[in-house]
Every structure is written in C-alpha cells, then in structure tokens.
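In this chain, residues are counted from 1 in sequence order. Remember, it's a predicted structure, so these values are computed and weren't measured experimentally.
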Amino acid sequence: MIRRNRVLRVLLVIVFLSQIKAVAGQMGTPTPLSPEERKKAEAERATTGPLENYPQLVDITSSTGIHFDHKSDPEAKFIAESMSGGVALIDYDGDGWPDIYLTNAQSVEMAQHGIRARSALYHNNHDGTFTDVTDKAGVGFPCWAMGVAVGDYNNDGRPDLLVTCLNGVVLYRNNGDGTFTDVTKEAGLAGDTGWATGAAFGDYDNDGFADLFVSHYVDFHLDNLPAFGATKACKYLGLVVQCGPRGLKGLPDKLYHNNGNGTFTEVSKQAGVDDAEGRYGLTSIWSDFNNDGKLDLFVTNDGEANYLYQGDGSGKFEDTALFAGVAANEDGVEQANMGIAFGDYMHTGRMSLAISHFDVEYTALYTNDGGMNFTDNSIASGIARGTQGYVGWGNAFVDFANSGWQDYFQVDGHVYPQVDEAHAAARYLEPAVLLFNQHDGTFKNVSRRVGPAIQTPRVSRGLAIGDLFNDGRLEAVVENLVGEPTILRPEHGPANHWVSFSLQGTVCNRLALNARVKVTAGDLVQTNEVISGGSYLSQSDLRLHFGLGSHDSIDQAEVMWPDGKKETLTHLATDRFYIVREGQGIVETRLPMHTTNLP
C-alpha cells in the first residue's frame, strides 16, 4: 500500500507538471539543494591539492597522434548543431588493443551547401599512438552522425559499427581485413529515416543473435528549419536561443529483431516499445535490471519521463519506469535525461543508474534496490551537489585508481553558446566533474584535486572508457562538440592490482553482450556487465576491468552468460588480461604492456 501511494503521488505530480509545461513550454526543476548541501558543494569545489592515494588525470591527446576536428557552427542556432559527438572504443582488427571511432556532423550551413563532415577511425599502434585508417576502413562519411554503438549483427565474432544519424542509421559490417562495408540497406535498416540518437545491441530473446534498439529524438528537417528564437520555448535566461526540443514534434523509437541471416525486422509496436507518444529519446541500454534472467531496456527521454521496459524473455515488454521509480525524480519532475552511467557502485550485485541532466537540475542517481525497484539517492549520495549547475552529457562509473570502487565521472558543456551573454553562473564551456566514491553510498567532489586537465572548460558530449594501452589503467576518451577530442590518462597514484576479462560467446551472441562477471578477492566482491551503447551516444571498451586495491590474488571469478549458464574460475593471478570463451573457460592469458610513448 505504501508503494502504491508513492506511485500515485508521483503520477499526479507528473500529470500536473505536464500540464504546466504544455502551457509554459518549459521543463520542471528538481528539488533545490538545501542551504547545507549548497555549502558542502561550495566547499568541495573549492578544495584543491592532490587527492591522497589517487592518480592525476592528464591530457595526453597531443602525444597520441590523433588530430580530429568536430564540426559545429559557433552560434549553434539549430538544435541539430548541439547534440552530436559520440565516440566508440572498438577493437575492429581483433589484435586485443582498443581502437577509436569519432563521429562528426555538419552545421546546417555546411549541409545546405553539400559539404560533408568526416568521421574518423584511429588504429591503436600499441605504442601510445594512433594512426588514422578511416579511408582504408571506409567509415569516413556515414551521414550527419550523432552517436555510435558496437555489436556483432551477423554473429561472426567481429565487432560491427552502428552509426546513428540525423536521418536514420548506418550499419557498417566488419569485413575482418581492416575494412567495413555499409550494409544498411541489405540489413533492412534503410527505412529508418528519422533523427536517430542512442542505439544499443542486445539479444532480448536469447536466440544467439543481437537485436537492435534505436532511440529517436525530434522531427527535424533541413528544408523546414525552426526559426531561431521564434517562440517562448526558444528563450533561455531572457536570451534568444535555438528551438527545441520543446515545441518540436518527437519521434517514435525503433526495435529491430535480428533474423539470424544478416537482416533485421522492425518489431517496435508488437514488442511494446514503439514510443507512441513520441518522447524525445536520447540514450539507451539493455540489461537485466531485476536479475530474473530476461533482458530489460532503459531509455532516457529529454525533458520527458524515461522508459524502463521490463522484458518477458520472448519479445514482449512493459514500461515499468513509473512503478520502478526511474520515470522521473522523487518529486515526479521529468528532467533532461541525457547520458547513462551504469554500474554496481555499491557492490550489491545489482546495476544502478546515474543520468546526466541540464544545468538547473543535477545528475540523478537511481540506486537499484532489487525487484525492479529503484531509489532516487541524488541528494543523499552527494551526486546532486557535485553536478548541479552543469549541463552533463557523457558519464560513467569508473575506477581510475583501481581501488575496487567505482567513482562517478561526467563531462559537461552547455547547449547554448549565447549563454555567455547572460549575467549568470552558466557558461558555454564547462569543466568535467569527478566524484569520489566514499564506500558508504556517498560521493565527494574531487574535480580540482586530480590535476588541471578536467578543470579545463570545454563543450563536451560523448565519453568512452577503456584501457587503451593494455597496462591496467583506464583512460577516458571525450568527444567535444567544438574542436579536438580529449584523452585523459591516470598517472601516478597507488600501484593497485587489477584484472580484465574479455568474453567470447559460443552458444550466446559472440560478443557476449550482457554477460556478467562477478569477481571475489577476499572481502572485495564486484560485478560488471558487457554493455553496448550507454554514456551519451557512445561505446566503451567491451572488456570488463576490475580494480582490486591491495588484493594480490583472486579467489573466484564467476561468469554469468546471457543464456543463464555459469562458469567459475578460481585462484587467478592479478594484473592479467583473461580471454574467456563460453564453455571452455580461460583460453588465453596476457600480461600488461609497457608502451614506449607513455609516462
């Protein structure tokens, strides 16, 4: 009865706020921080000096050989010019080293004059540098590109690229020889012509072939552009700004079932995930949120209630977001809902969510309590006070220190370049935020204590995490809306232990999407999952990395494959890369590398 009353209260608030927004054209705002929380936020943001037993995050972009310019109109008068910038880590050649794919997008003026923007694929040279192999690979000009996800659509064991576009999607098949082929039409995806944003692969019916979900944003056409500052919805702090998403028509999402023969069939409506209301979809991920052995789907909607589709394992879904507590915040306010950080930050074996938001809001932390129940711990955890005031995009739970506990990292940047003209705290260029996990369910802002690199204001969008140099440290690759990307590397800090697992499916999908690994080292127990998509329109390394702190051995690693089978590995050495094949256990062990071009 208590839970039913809470749901009814939230539902009434959502309905009430929706009516207000329909009249005012503005989003609601979350509960403001208390004076005490504001004082804590100010104190944390003002604290400087190195954080004890923690690495410094250093910008190494210039030494990597990556030279990439994301195109964007400096005035960003149209919403399509503000939303792109996904990045993917993909080992496209199977050499065990993550390569980097960066999406690019035109400005409206470029598009009207037929000028394309070049996306880029960079091959990892194993020495701290990368080489541009875009032209050879054939992935330079997919479209006005938004984001990217990695999957193996034909189940041949090679990762393929799915690029989301202003006018649909492009599917690149990995040919296994360093090249890709555009198979969008033959795969049955050419009919998707709407503004696609966050995509994710996941085998929701467990037939061994990864299915595809594609979020869609607004109905935007270059031949019918919304006039700059035309309505009340095109104003911000008294300034004339780009229009949208409020005032623009939303587009329905798409679910594509993998037919197992290299083609997809669109099944959105019969599956129950067609988004008939046309909410402003952004990022999506698949996971089994209630640990019942059936994949569920979470979708963020900009300024609208989120979706949490609970799956029945046979291809039918029901939106349970409201009852689960993730449709809106604890007061029933629908928020901007952009990037998705996903992880077991509390070591409970359940996957929680952190959703990045707009500047008048704050990052929402939804703690997974089990049984498809989540609690909004944004304020109680300290994440709210660490993120309010920023427009957050790409985000991740990540253990830069290899301590065994995931911190929260978020990259930021405003939507409106015109905001600098307002006499307000908001700025177009914004620093990133790093919140330290205090092992008790709370986080502390340490952004100014881990070096100057993340304090540099940027207009960031996508974020991907992975061990770029196979040395046991996790790097962050950030795609910025304006200018070059940023690659951040943890340097110095404690010499903690770690372990990494690369999973290969045989009966299940070959990339082992949504397989989990549970690692036990003494009293330290952690769980992680192989995920397609997430962050903001981006793709992190598919390998599962675990920091182990001072633990120098692993008692047990339990692999939970998507089809329900389990394999247990015991007495493992730390500081190793393990390749685990379904039904065969460890098939290869690799030692860390010491690359010559790195500190």
Side-chain angles (χ1 to χ4, degrees), residues 59 61 66 68-76 78-89 100-107 117-120 142-149 163-166 195-199 215 217-218 220 242 244-245 280-285 300 302 336-341 354-359 363 387 390-396 398 409-417 419 426-433 454 456-465 476-488 533-540:
D59 183 352
T61 313
I66 291 178
F68 178 83
D69 181 22
H70 188 277
K71 304 298 182 183
S72 177
D73 189 319
E75 296 184 1
F78 303 98
I79 191 170
E81 298 172 329
S82 294
M83 305 296 291
S84 64
V87 54
L89 302 187
I100 300 175
Y101 184 72
L102 299 164
T103 66
N104 213 336
Q106 300 114 299
S107 65
R118 182 178 182 267
S119 298
C143 55
W144 180 313
M146 296 296 300
V148 58
V163 182
T164 57
C165 311
L166 187 64
W195 182 349
T197 46
S215 305
Y217 197 45
V218 300
F220 185 92
Q242 64 187 229
Y280 308 126
L282 284 177
T283 308
S284 60
I285 58 168
T300 64
D302 188 1
N337 302 313
M338 293 185 282
I340 304 174
I355 314 300
S356 57
H357 288 121
F358 204 64
D359 63 353
T363 294
T387 56
Y390 300 115
V391 179
W393 300 87
N395 54 351
V398 55
F409 184 60
Q410 175 180 300
V411 297
D412 307 309
H414 217 283
V415 178
Y416 310 127
V419 73
R427 291 290 181 269
Y428 188 49
L429 305 177
E430 297 180 332
V433 173
I454 70 169
T456 301
R458 301 180 177 92
V459 190
S460 300
R461 292 297 183 261
L463 167 69
I465 302 292
V477 182
V478 183
E479 175 144 14
N480 299 309
L481 182 70
V482 180
E484 294 189 344
T486 307
I487 299 179
L488 299 168
S535 182
Y536 177 72
L537 316 187
S538 294
Q539 175 71 60
S540 290

Residue pair Arg427 / Pro457, side-chain heavy-atom distance below 4.5 Å:
no

Heavy-atom pair with the smallest gap, counting every atom of Ile487 and Ile66:
CD1-CD1, 3.7 Å

Per side chain to side chain contact (heavy atoms under 4.5 Å, CB included), Thr300 is matched among Thr197, Ile285, Ile340 by Ile340

Test Tyr416 against Val391 for side chain to side chain contact (heavy atoms under 4.5 Å, CB included), laying out the working first.
CA-CA 10 Å; Tyr416 310 127; Val391 179; over 6 Å; no

I'd like to know if the side chain of Ser82 and the backbone of Val415 have a donor-acceptor N/O pair within less than 3.5 Å.
yes

Taking C-beta and beyond as the side chain, do His70 and Leu102 meet within less than 4.5 Å on heavy atoms?
no

Counting C-beta onward and ignoring hydrogens, is there a side-chain heavy-atom pair between Ile100 and Leu89 closer than 4.5 Å?
yes

Does Ser460 have any side-chain hydrogen bond (donor to acceptor under 3.5 Å, both in side chains) partners at least two apart in sequence or in another chain, and if so, which?
Asn480

His414 and Phe358: CA distance, side-chain angles, deciding distance, side chain to side chain contact (heavy atoms under 4.5 Å, CB included) verdict
CA-CA 8 Å; His414 217 283; Phe358 204 64; 3.8 Å; yes

Write down the atom of Leu481, the atom of Arg461, and the distance for their closest heavy-atom approach.
CD2-NH2, 3.5 Å

If we only count heavy atoms from C-beta on, is the Phe68 to Glu479 side-chain gap below 4.5 Å?
yes

Could you tell me which residues satisfy salt bridge (charged side-chain N to carboxylate O under 4.0 Å, His left out) with Arg458, sequence neighbours excluded, listed by chain and number?
Asp59

Applying ring-ring contact (aromatic ring centres under 6.0 Å, His included), can you list everything that pairs with Phe409, at least two apart in sequence or on another chain?
Phe400

With a 4.5 Å heavy-atom cut-off, do Glu81 and Ser107 have their side chains touching?
yes

For Ala354, all residues meeting side chain to side chain contact (heavy atoms under 4.5 Å, CB included), sequence neighbours excluded
Ala341, Thr363, Leu365, Phe397, Tyr408

Exercise: identify the closest heavy-atom pair between Met146 and Ala196
CG-O, 3.5 Å

Does the side chain to side chain contact (heavy atoms under 4.5 Å, CB included) test come out yes or no for Thr283 and Leu537, once each step is laid out?
CA-CA 6 Å; Thr283 308; Leu537 316 187; 4.0 Å; yes

List the steps and the verdict of side chain to side chain contact (heavy atoms under 4.5 Å, CB included) for Trp393 and Leu463.
CA-CA 8 Å; Trp393 300 87; Leu463 167 69; over 6 Å; no

Search all heavy atoms of Asn104 against all heavy atoms of Asp69 and return the closest pair with its distance.
ND2-O, 3.0 Å

Hey, are the side chains of Met83 and Tyr536 touching, using non-hydrogen atoms and a 4.5 Å cut-off?
yes

Polar side-chain atom of Thr164 near backbone of Gly147 as donor-acceptor pair, under 3.5 Å
yes

Shortest non-hydrogen contact from Val459 toward Leu429
CG2-CD2, 3.0 Å

Less than 4.5 Å apart, any side-chain heavy atom of Ser356 and any of Thr387?
no

For Thr61 and Glu484, does a side-chain donor sit closer than 3.5 Å to a side-chain acceptor?
no

Non-neighbouring partners of Pro431 that pass side chain to side chain contact (heavy atoms under 4.5 Å, CB included), sequence neighbours left out
Tyr390

Output the distance between atom NE2 (His357) and atom CG (Asn395), rounded to the nearest 0.5 Å.
9.5 Å

Nearest atoms (heavy-atom pairs only) where Ala105 meets Ser84:
CB-OG, 3.4 Å

Compare all side-chain heavy atoms of Leu282 with those of Ser215 and state whether any distance is below 4.5 angstrom.
no

Quick one: pull up OG in Ser119 and NZ in Lys71 and give me the separation to the nearest 0.5 Å.
12.0 Å

Name all residues meeting the ring-ring contact (aromatic ring centres under 6.0 Å, His included) criterion together with Phe220; count only those two or more places apart in sequence or in a different chain, and write none if there are none.
Trp195

